[in-house]
Amino acid sequence: MTQTVSAPALEMRGITKRYPGVVANDGIDLEIRPGEIHALLGENGAGKSTLMNILYGLATPDAGEILLDDTAVTIAGPADAIARGISMVHQHFMLVPVLSVADNILLGEETMANPIFLDRREAHRRIVDLGKRFGFDIDPEMKVESLSVGWQQRVEILKALYRDARILVLDEPTAVLTPQETKDIFLVLQRLADEGHSIIFISHKLFEVLEIADRITVIRRGQVVGTRIPSETNEDDLAELMVGRNVQLVVDRGESHPAEPALTVNDLRVTDDRGQESVKGVSFEVRAGEIFGIAGVAGNGQEELVEALTGLRSPTAGQVSVAGKDVTRHGPRALQQAGMSFVPGDRHRFGLVLSFPLEDNLILTQYDEAPYSRGMVRNDAAIRAWAKQAIAEYDIRTPSATVTAGTLSGGNQQKAVVAREFSRKLTTLILDQPTRGLDVGSIEFIHRQVVAKRDAGAAILLVSAELDEVLELSDRVAVMYRGEIVAVVDGPTAEREDIGLLMATGRRGAAAEAALVAATHVTGPGVEA
Amino acid sequence: MTALRRLWALAVIPIISIVLALLLGSLLIIASSLAIGESLNLLLPLIAYESLLEGATGLSLLDVNAAGVPSLAFSIDPDRAARALTSTVAAAAPLVLTGLAVGVGFKAGLFNIGGTGQVLVGAFVAAIVGAAVADQPVPIAVTVALAAGALGGAFYGFIPGALKAFTGAHEVVSTIMLNSLAFFIIVGLVNDIFKIVGPSFARTADVGNAALPVLFGRNGTVGVLIALAAVPITWFLIYRTTLGFEIRTVGANPSAARYAGMSPRRLIILTMSLCGLFAGLAGSIEILTLGYYPAVFGTGIGFAGITVALLGRAHPVGILLAALLLGGMRAGAPSMQITANIPIEIIDVIQGLILLFLAAEVVIRRTFRIRAERVTPGELGTVAKTYGEGTV
Amino acid sequence: MEVLFDIPILGFVLQFIAYLIEAVTTTNLAPQTLQLATPIALGALCGIMNERSGIVNIGIEGMMLTAAFVGFMVAMLVHEAMPQSEPTAIFGFTPALVIGILAAIGAGMLVSALHAWLCVTVRADQIISGTVINIIALGLTGYLNRLIQPTGSAGTLDPFRPPEFLVDLPVVGWIFRMFLAVGPITMSVIVFVIILQILLFRSRWGLRTRAVGEHPRAADTVGIDVLKLRYRNVILGGIFAGLAGAWLTLEFNQSFQNGMTANRGFIALAAVIFGRWTPIGAFGGALLFMFSEALGIAIRSNPPEGDLGVFLSGIQAAYPSLYNNAFGAMPYLLTLIVLAGVVGRSVAPAAVGRPYVKEGAS
Amino acid sequence: GPGAASTAPSAPASVAPPSEAASEAPSTEPSAALTPIKVGVVTDVGQLEDKSFNQSSNEGALAAAEATGGTHDVIVTQAIGDYAANIQTFIDADFDVIVTVGFLIGTDTAIAAKANPDIKFVGVDQGVCVDAEGVPDPTFACAGDAATLIPNYQGIVFAEAQPGYLAGIVAASLSKTGTIGAVGGTNVPAVVNYWRGYENGAKSVNADIEVLYQETDPNPSVGFNDQAKGRAIAGQFIGQDADVLFQIAGLTGVGVLEAACDANLVGIGVDVDQAVSLPNLAKCIVTSAEKKLKDTVQAVVTSVASDTFQAGTVVYDAASTPPAIGLSDYHDNAALITPEIQALLDTALDGLKAGTLDPCSPTKCTVSGT
Ligand SMILES: Nc1ncnc2c1ncn2[C@@H]1O[C@H](COP(=O)(O)OP(=O)(O)OP(=O)(O)O)[C@@H](O)[C@H]1O
Ligand SMILES: Nc1ncnc2c1ncn2[C@@H]1O[C@H](COP(=O)(O)OP(=O)(O)OP(=O)(O)O)[C@@H](O)[C@H]1O
Ligand SMILES: [Mg+2]
Ligand SMILES: [Mg+2]
């Protein structure tokens with residue numbers, strides 16, 4: 001992977017972008033050579049996406065300039081960027097689910113039979129050829145919504161290739177992929193680079209970056225803090241660059257003292273929105289005073305499992321009981337009364353009403369209980385008193401209890417949800433991605449609260465796509481793969497690699513390695529399990 | 001001070017919208033009078049609006065001489081003012097209720113365009129039940145008839161609520177269909193079943209003692225009290241009770257409501273029924289004032305409720321004020337017609353323009369460089385988002 | 001066949017079917033259905049243009065009404081200016097009518113432009129925008145109509161008179177009558193429906209429109225100007241609302257009355273949903289709704305014979321008004337049933353009703 | 001639309017003799033013999049320019065005011081609940097005569113008249129029914145003599161069945177197919193009366209004739225206002241071989257007459273001479289079944305100025321002087337009306353005048369049975 005040094009294909013100089021309250025990019029310099037895979041590394045919120053949005057014309061920089069082949073250019077918008085040979089695979093897929101693969105690829109760059117009508121036949125031919133060139137067979141007629149995320153990722157890449165991109169930006173393309181799918185994508189990227197394309201690869205997974213990149217640029221708080229070559233660096237070095245200090249962010253979780261089972265799940269089956277069974281007979285129990293973590297690549301049924309456990313989705317079969325009481329198919333209300341608390345993964349969708357005052361959000365799940373209501377009437381004094389207490393206790397940074405929740409920062413919003421859910425009388429606590437998108441300080445705070453709750457005797461179910469979080473907190477870890485729990489291991493002694501393999505293949509050891517090899521040869525879009 | 005400033009922040013955009021609508025309305029009056037070949041009379045709108053005000057409040061600001069030239073002359077005749085104000089509140093009373101019928105729906109993220117049908121059904125039921133209890137003592141007769149009308153309206157609000165909750169049929173379209181259906185059904189019932197012998201046209205029997213007692217002036221009936229009472233009751237319900245909290249939550253974020261253990265289905269049905277109840281009450285007041293239900297009964301109060309609710313930013317107090325404004329326009333319109341000879345439809349145009357400026361509030365805010373609160377109820381976003389969606 | 005008519009219930013159904021066949025093939029029920037469906041279908045095309053690109057339009061009624069008014073007034077004025085001009089042999093086009101139609105289309109586009117501005121630029125609530133358009137259209141046309149008090153008229157477009165031998169053909173003659181013995185705007189509907197259906201699913205414009213209605217951000221990131229496309233589609237959709245208005249005052253009738261759209265814009269909206277946002281489907285919905293209306297008119301004036309007729313006239317004798325109104329209510333009832341999902345759930349374009357904010361803009 | 005059409009009592013029997021004042025010739029010059037009067041008109045819900053009763057009543061009042069050298073104003077009612085307030089506006093402004101239009105406004109008119117004995121009230125399409133105290137009687141026993149109890153209020157009612165009957169004779173005589181049609185707006189009394197008279201008149205010429213009838217919509221604001229549907233109904237009738245169409249549907253009827261014109265068939269107008277009010281369609285309007293609303297209102301209002309005002313319910317029919325109902329001029333279609341047809345019409349009119357011919361027989365003119 002050595003690279004002859006040549007003139008840069010792209011240069012970004014002194015890029016600065018301010019958003020209200022943050023300097024997302026602060027004088028960033030970046031240089032990309034032809035045929036290079038260049039990784040951008042940085043924590044959440046470091047400014048990676050912002051920089052790429054500027055390159056792609058989605059945001060205008062406050063200062064700085066962009067040079068393509070040594071010529072300064074102004075990129076007015078995505079159309080302009082595409083015309084200049086820049087394509088981008090966004091952090092969140094930019095695919096239209098109800099359209100076919102071909103239509104998604106064509107969109108904006110249509111192959112025309114005449115000035116009005118599309119030439120779908122020609123387009124199909126080109127798409128199939130292109131796919132073959134990079135090692136995959138794809139049916140252009142399939143609806144994107146029926147594809148697995150891995151295949152959607154490939155469609156995104158095809159979209160870029162179809163536009164003859166010279167510079168391809170991939171913003172966290174591997175976040176939702178299994179290690180196997182990641183490998184496949186890496187093969188494609190490598191082949192692209194070999195053909196002379198420049199690739200900007202964004203990630204905060206260190207080992208991936210070390211595997212694929214020719215050069216690595218690390219961004220911290222909007223500034224470039226260093227550029228490295230993989231052969232001259234290692235994970236520790238990169239981590240320190242990224243975070244700015246020698247990090248070993250592990251909470252001292254102490255000993256757990258599990259007691260009797262508080263949450264029992266028996267052969268639970270759940271169907272997703274598309275009518276497919278995505279939880280296929282899951283059984284486990286969580287005991288009072290322990291943290292039971294569920295690891296798994298996103299999309300393996302965890303979401304449906306959590307929804308079924310919290311009453312947001314009705315399971316098709318199986319039983320759930322809380323503290324010995326059967327609560328199968330009980331709604332959220334009944335579950336709360338049975339002693340369950342739930343921190344939802346999507347706080348904007350479920351956890352908060354952004355247009356309501358903070359104080360109302362702090363009683364969102366207790367509004368009809370004493371002392372917050374007397375009969376049918378709200379008790380505003382009690383609500384306000386509790387809000388004051390919660391703000392102090394949970395360190396929620398807010399001007400007052402009456403500002404709307406939408407004006408709080410993400411971390412403080414999450415603290416409000418945690419304050420509300422942790423403060424009620426509970427026996428069982430379900431945490432879905434409790435620290436997603438939060439800064440380090442908030443994560444630490446919430447982790448400490450979780451451990452405290454466990455020590456107070458709560459049964460805690462922790463679901464997270466962040467394997468590190470699961471390993472850090474859990475007393476026992478279950479791995480979910482294609483709707484099933486494929487293994488339950490002891491938390492403190494669990495091996496990261498072992499769990500990673502389980503997540504990727506559902507198998508362990510040699511069997512898993514064999515599965516990985518077999519999977520490499522699978523072609524054709526796999527419909528999501 | 002801060003309370004005043006807050007009030008100003010709430011009211012400034014509606015006020016600017018009203019002023020702009022009146023200005024644009026006056027341009028229309030002048031332009032159209034020119035278009036039909038009258039001589040240029042820049043004072044025509046002034047005369048028109050002044051007579052509108054006089055008809056609504058009894059307050060006279062201008063004196064128009066024989067040549068049609070106005071001069072400033074402030075006068076107030078107490079008798080006239082009392083009558084005018086009574087008419088204004090009497091006209092406002094049903095509008096308050098139909099305004100609530102739309103506004104409470106907004107709170108739950110529902111757009112109730114079915115006011116018209118709910119008013120008709122409420123009126124019809126009130127007339128039938130009123131006639132049945134016509135010989136009971138007045139308090140009983142009135143209470144029973146009003147309650148029946150309210151329930152009738154509630155039932156007619158329940159239907160689109162249930163349709164939305166269980167089949168996902170969006171209330172914007174289903175209520176429009178139900179409005180037309182109400183006409184067909186009720187006219188049929190009056191003609192075939194409830195028609196009385198004697199009068200030359202199809203109508204139901206007289207409501208007798210169920211007729212709303214007049215409390216003050218010529219037409220200040222009990223209906224005015226009911227409407228006035230509905231405002232604080234609704235306010236209390238929406239902002240002080242747990243049910244109100246549920247309604248507002250489901251309107252602001254249906255998913256969060258589900259997560260919090262509320263049942264959006266139940267709330268949608270309940271809220272639509274509540275909306276229907278208000279509209280039914282409005283219809284009952286109209287019909288128990290008239291004394292019977294004529295087969296051809298028709299009224300615009302259901303539709304006017306939309307304007308009232310939007311203008312009053314879906315807040316009970318705002319709705320009261322908006323209803324008084326529209327009621328005043330309705331009460332003052334006759335005097336405007338005989339003074340200025342302007343087609344009465346100008347009132348509709350002005351009301352439409354007010355809504356237009358409210359809808360474009362962002363533009364107003366920018367143009368006048370003011371800081372003010374959002375006028376359009378945020379829950380309306382939920383209305384648009386759920387449009388054409390499946391079940392909740 | 002006749003024998004079967006005696007079977008309880010099934011006999012009624014068969015008699016009804018026989019009546020339908022009879023009515024469709026021997027009376028002018030078919031052309032009438034197409035005519036009545038014209039403003040509904042055109043309104044629905046306007047709705048599809050809007051909603052496929054992510055804009056809810058409940059202001060179709062107001063757009064139609066405005067167009068009907070403007071088209072009529074302009075045609076009348078032109079007609080007064082040049083009363084002598086000879087109508088064309090086919091369809092009876094006169095300069096007044098042509099200019100009137102263009103004016104109606106212009107009015108439809110203008111009101112649509114207001115809707116687009118409110119929804120796209122101002123990012124006002126789309127449902128309020130539609131409501132405002134309906135209210136203002138009703139008030140303003142009523143105001144001006146009363147002020148102007150039009151007495152004249154530019155006449156109407158004529159229906160085409162298909163050759164007799166076609167119409168007289170056995171069995172299929174009614175099809176020719178349905179599609180050919182109608183005026184130019186009615187006839188054009190079929191063409192528009194087919195063209196729009198093809199364009200929506202086969203052309204670049206259609207692909208982009210559907211993408212913008214489903215996932216505007218995705219379209220934005222491949223360089224499609226979402227706001228511009230929405231503007232263009234909403235304004236072009238106004239053409240159809242304009243034609244629907246022109247149909248009301250220049251083709252089917254020749255005068256303007258306040259509120260003469262009589263809920264047709266709203267039924268059009270239901271047709272959009274019924275047709276699952278496809279032109280052909282919406283056209284089918286319009287035909288279905290209006291067939292029920294035309295059939296209601298037909299049954300009342302020419303009731304079926306046999307048991308069914310006896311049954312119906314029994315009801316009519318007992319409850320004449322309810323009987324009557326049951327037929328009048330049919331399109332509304334049908335719409336409601338359809339909405340309630342008897343024909344299956346219909347899902348709107350995902351982004352409909354949500355204003356689009358470009359990334360990085362605040 | 002016309003929120004409610006006009007009405008007449010189901011039996012146009014001898015309620016009161018026809019008004020003497022009706023014979024007053026309308027004049028355009030203010031007459032010195034008359035005191036100038038201020039006339040106010042409160043219309044029914046709907047639009048003023050309905051080419052029907054709101055408009056005609058208003059024109060009559062205007063003509064009367066001008067004839068006396070007085071003034072005239074009109075208030076268009078927006079909602080049923082506004083009747084009383086609209087009347088009060090004129091009372092407050094010291095008007096001399098207040099004309100109210102439509103049967104629904106009758107109760108409020110009677111109450112206002114009782115309370116304001118110095119003002120004259122004219123109620124179009126209003127049968128006055130009061131109890132012994134002079135209060136509107138909800139039981140319809142009508143025990144009180146309205147003429148003495150409320151001496152300042154005249155209720156005008158028309159016998160629409162009579163012009164309907166004459167129109168029926170014309171229609172049946174002109175029909176070659178043996179099928180004729182009538183399109184109603186909303187089945188309000190006036191519409192039903194016209195229709196029943198039409199049917200009876202037609203059957204008097206041809207007992208086997210088929211008379212198609214249909215109401216447009218039970219909601220008057222649609223029923224009298226939806227010309228597209230009017231045209232659709234007419235189209236259906238034409239498809240069933242109807243060759244004469246009578247419109248009783250206000251503005252909806254414009255669509256009916258258009259359909260008749262386009263099919264080269266014969267149309268019959270309603271209320272006023274529609275060959276005049278709808279000049280575009282004059283070529284196919286053979287005649288119109290008229291009730292002379294404008295003239296009647298003008299005469300009654302003028303009677304106030306000449307102090308010959310008559311109170312109580314007054315029925316205006318063929319026997320009024322001059323006749324308050326009838327067929328309008330045939331204009332360019334006079335050739336269609338053969339002497340034989342004219343003879344039939346003359347005989348019928350004589351019978352109607354003499355009271356020997358009941359236009360509501362054999363089919364009754366009631367609202368029920370529609
Ligand atoms: N449109 C915006 N308005 C306001 N602030 C923004 C906007 N977009 C990004 N930011 C802020 O800019 C900063 C950088 O965000 P950016 O999305 O570039 O981070 P990132 O490095 O891509 O993070 P992640 O790994 O989470 O994707 C953050 O603090 C973010 O909150
Ligand atoms: N819609 C809004 N209205 C008003 N202020 C806002 C809004 N969104 C964000 N802010 C303010 O901008 C600041 C930055 O918000 P942001 O969510 O980017 O915080 P953050 O730096 O990511 O913090 P955290 O780590 O807690 O998520 C916050 O202090 C918040 O109060
Ligand atoms: Mg990012
Ligand atoms: Mg944040």
Side-chain angles (χ1 to χ4, degrees), chain C residues 23 26-33 35-36 38-39 68 79 92 142 145-156 158-159 247-249 251-264 290 293-302 316-317 320-325 327-329, chain D residues 1 46-51 55 76 179 181-184 186-187 210-219 221-242 250-252 254-259 261-263 276-281 367-370:
Chain C
T26 64
T27 71
N28 56 3
L29 193 61
Q32 194 152 56
T33 298
Q35 282 172 337
L36 287 174
T38 296
H79 181 72
N145 189 37
R146 185 162 156 210
L147 212 65
I148 299 171
Q149 296 190 31
T151 47
S153 152
T156 55
D158 297 334
W247 180 89
L248 283 168
T249 49
E251 178 169 312
F252 200 60
N253 291 106
Q254 50 170 292
S255 63
F256 177 85
Q257 327 294 355
N258 293 357
M260 69 186 298
T261 35
N263 277 339
R264 288 181 174 85
M290 288 304 111
E293 172 143 336
L295 187 66
I297 294 173
I299 289 189
R300 274 181 287 175
S301 63
N302 179 25
Q316 183 171 20
S321 184
L322 283 169
Y323 174 82
N324 234 343
N325 292 350
F327 292 107
Chain D
Q47 51 188 113
L48 184 57
E49 283 73 30
D50 58 358
K51 300 196 169 68
Q55 188 170 359
V76 180
T179 301
V183 178
T186 296
N187 282 338
E210 187 167 358
V211 184
L212 303 172
Y213 171 79
Q214 212 164 110
E215 175 192 24
T216 303
D217 195 287
N219 177 356
S221 70
V222 179
F224 290 102
N225 222 11
D226 187 348
Q227 45 176 335
K229 190 157 177 200
R231 188 175 179 131
I233 295 173
Q236 183 63 36
F237 288 176
I238 293 170
Q240 282 172 46
D241 286 343
L251 300 172
T252 297
V254 178
V256 177
L257 296 175
E258 285 175 8
C261 275
D262 285 355
V276 175
S277 64
L278 301 170
N280 316 315
L281 301 173
V367 184
S368 72
T370 54

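The figures that follow rest on heavy atoms only: side chains count, while hydrogens, waters and symmetry mates do not. A, B, ... follow the sequence lines: proteins, then strands. Residue 1 opens every chain. A quick note: this is a predicted structure, and the numbers were derived from the prediction, not measured.
- Proximity to chain C is limited to the side chain of D:Leu281, based on heavy atoms less than 4.5 angstrom apart.
- Looking at heavy atoms from C-beta onward, C:Gln257 lies in side-chain contact with D:Val254 at the 4.5 angstrom threshold.
- Atom CG of D:Asn187 is separated from atom CG of C:Asn324 by 6.5 Å, given to the nearest 0.5 angstrom.
- Of all the listed residues (C:Ile297, C:Leu36, C:Asn263, C:Asn253), the one sharing the greatest number of non-hydrogen pairs under 4.5 Å with chain D is C:Asn253.
- In this structure, the side chain of D:Arg231 engages the main chain of C:Phe252 through a donor-acceptor pair within 3.5 Å.
- For chain D, no part of C:Thr261 is nearby; none of its heavy atoms comes within less than 4.5 Å.
- Within the 4.5 angstrom heavy-atom criterion, atoms from both the backbone and the side chain of D:Ile233 approach chain C.
- Contact of D:Gln236 with chain C is made through backbone and side chain together, with heavy-atom distances under 4.5 Å.
- Between C:Arg264 and D:Ala228, the shortest heavy-atom distance links the atoms NH2-CB, 3.4 Å.
- Neither the backbone nor the side chain of D:Val183 comes within contact range of chain C; no heavy atoms are under 4.5 Å apart.
- Heavy atoms of C:Ala298 lying under 4.5 Å from chain D belong to its backbone as well as its side chain.
- A distance of 8.0 Å separates CG in C:Asn302 from CG in D:Leu212, rounded to the nearest 0.5 Å.
- Heavy-atom distances place no part of D:Asp217 under 4.5 Å from chain C, backbone and side chain included.
- For the 3.5 Å distance criterion, the side chains of C:Ser255 and D:Gln227 qualify, holding a donor opposite an acceptor.
- Highest contact tally toward chain C, considering only D:Ala232, D:Ala242, D:Gly239, D:Gly235, is held by D:Ala232 [criterion: heavy-atom pairs under 4.5 Å].
- A 4.5 Å side-chain heavy-atom check between C:Glu293 and D:Lys229 finds at least one atom pair inside the cut-off.
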I would like to know whether D:Leu251 and C:Met260 meet side-chain contact (heavy atoms from CB on, under 4.5 Å); could you show each step before the answer? CA-CA 10 Å; D:Leu251 300 172; C:Met260 69 186 298; over 6 Å; no

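- Residues meeting the side-chain contact (heavy atoms from CB on, under 4.5 Å) test with C:Asn145, sequence neighbours left out: C:Phe69, C:Met73, C:Pro150, C:Phe256, C:Asn258, D:Gln47.
- Contact annotation for D:Asn219: neither backbone nor side-chain heavy atoms come within less than 4.5 Å of a heavy atom of chain C.
- With a threshold of 4.5 angstrom between heavy atoms, C:Gln254 approaches chain D through its backbone and through its side chain.
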